[in-house]
Amino acid sequence: MNLRPLGDRVVVKPVDKEERTKSGIVLPDTAKEKPQEGIVEAVGTGRILDNGTKVPMELKVGDKVLYAKYAGNEFKVDEIEYLIVSEKDVLAIVGSNGKAEKAAKK
C-alpha cells in the first residue's frame, strides 16, 4: 500500500470479529457489529500545535488498536478495506507494546 496519511491521522485495517457467539450460534453479516479493532498500516507525521510545535505520533505501524465506533473515513485499495482516523479517535493500543509494558511495570 502506497499511502501516507497527513498530520495526526493513521490508516487502520479493521480486524473482523468472530462469526460465532460464545454459545456457538453463527452470526449473519447483517447481525455483526461494525469492527472497532484494527492494525495500524501507516501513520502521519504528527499534530502541529497553534504555537508551531509538532507533537510526534504515539502510534506506530503494526500496533493493534481500538478506535471509536463511528470514527474515520472508510475506503478500499485493491479490494482491501481501510479506515483513516485521527489519532485522537484511537482509544487504546491492544496487546504488548514496549512503552505500555514499561509503564505497567512502574
Side-chain angles (χ1 to χ4, degrees):
M1 177 180 65
N2 191 13
L3 186 67
R4 187 177 56 120
L6 301 175
D8 69 337
R9 292 178 183 85
V10 296
V11 176
V12 176
K13 182 178 177 184
V15 176
D16 291 330
K17 291 190 174 189
E18 291 291 321
E19 295 182 10
R20 295 179 182 257
T21 64
K22 290 182 181 179
S23 61
I25 298 171
V26 177
L27 296 174
D29 287 340
T30 56
K32 291 181 188 176
E33 287 189 20
K34 184 176 176 181
Q36 292 176 266
E37 189 173 320
I39 306 294
V40 175
E41 297 286 323
V43 296
T45 57
R47 181 170 50 111
I48 298 176
L49 301 177
D50 291 337
N51 64 7
T53 306
K54 184 178 273 190
V55 178
M57 298 289 282
E58 290 185 49
L59 300 171
K60 64 183 184 306
V61 174
D63 282 345
K64 189 172 186 179
V65 296
L66 294 176
Y67 51 87
K69 192 167 197 158
Y70 298 106
N73 295 306
E74 298 174 345
F75 65 98
K76 281 187 177 183
V77 175
D78 298 329
E79 297 302 316
I80 300 173
E81 291 189 21
Y82 293 98
L83 187 69
I84 293 183
V85 297
S86 178
E87 187 179 35
K88 67 182 178 185
D89 291 328
V90 175
L91 306 174
I93 298 174
V94 179
S96 63
N97 179 337
K99 292 179 184 177
E101 289 175 3
K102 288 176 186 174
K105 290 180 181 178
K106 287 184 180 180

Quiz item: Quick check: does any side chain N or O of Glu81 sit under 3.5 Å from a backbone N or O of Glu74, one acting as donor and the other as acceptor?
Solution: no
Quiz item: Is there a donor-acceptor pair closer than 3.5 Å between any side-chain N or O of Asn51 and the backbone N or O of Thr53?
Solution: yes
Can you tell me how far apart [atom1] ([X]) and [atom2] ([Y]) are? Round to the nearest 0.5 Å.
X	Y	atom1	atom2	value
Leu83	Asn73	CG	CG	7.5 Å
Arg47	Arg9	CZ	CZ	12.0 Å
Asp78	Lys76	CG	NZ	11.5 Å

Quiz item: With respect to Val65, which candidate in Leu91, Leu59, Asp89, Val10 satisfies the side-chain contact (heavy atoms from CB on, under 4.5 Å) definition?
Solution: Leu59
Is there a continuous path of hydrophobic side-chain contacts, each under 4.5 Å between heavy atoms, that joins [X] to [Y]?
X	Y	value
Ile48	Leu6	no
Val61	Val12	no
Leu3	Tyr82	yes

Quiz prompt | Over all atoms of both residues, closest heavy-atom pair of Glu58 and Glu87 | solution =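 Heavy-atom minimum between the residues: N-OE2, 2.8 Å.
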Quiz item: Does the side chain of Thr45 reach to within under 4.5 Å of the side chain of Met57, using non-hydrogen atoms?
Solution: no
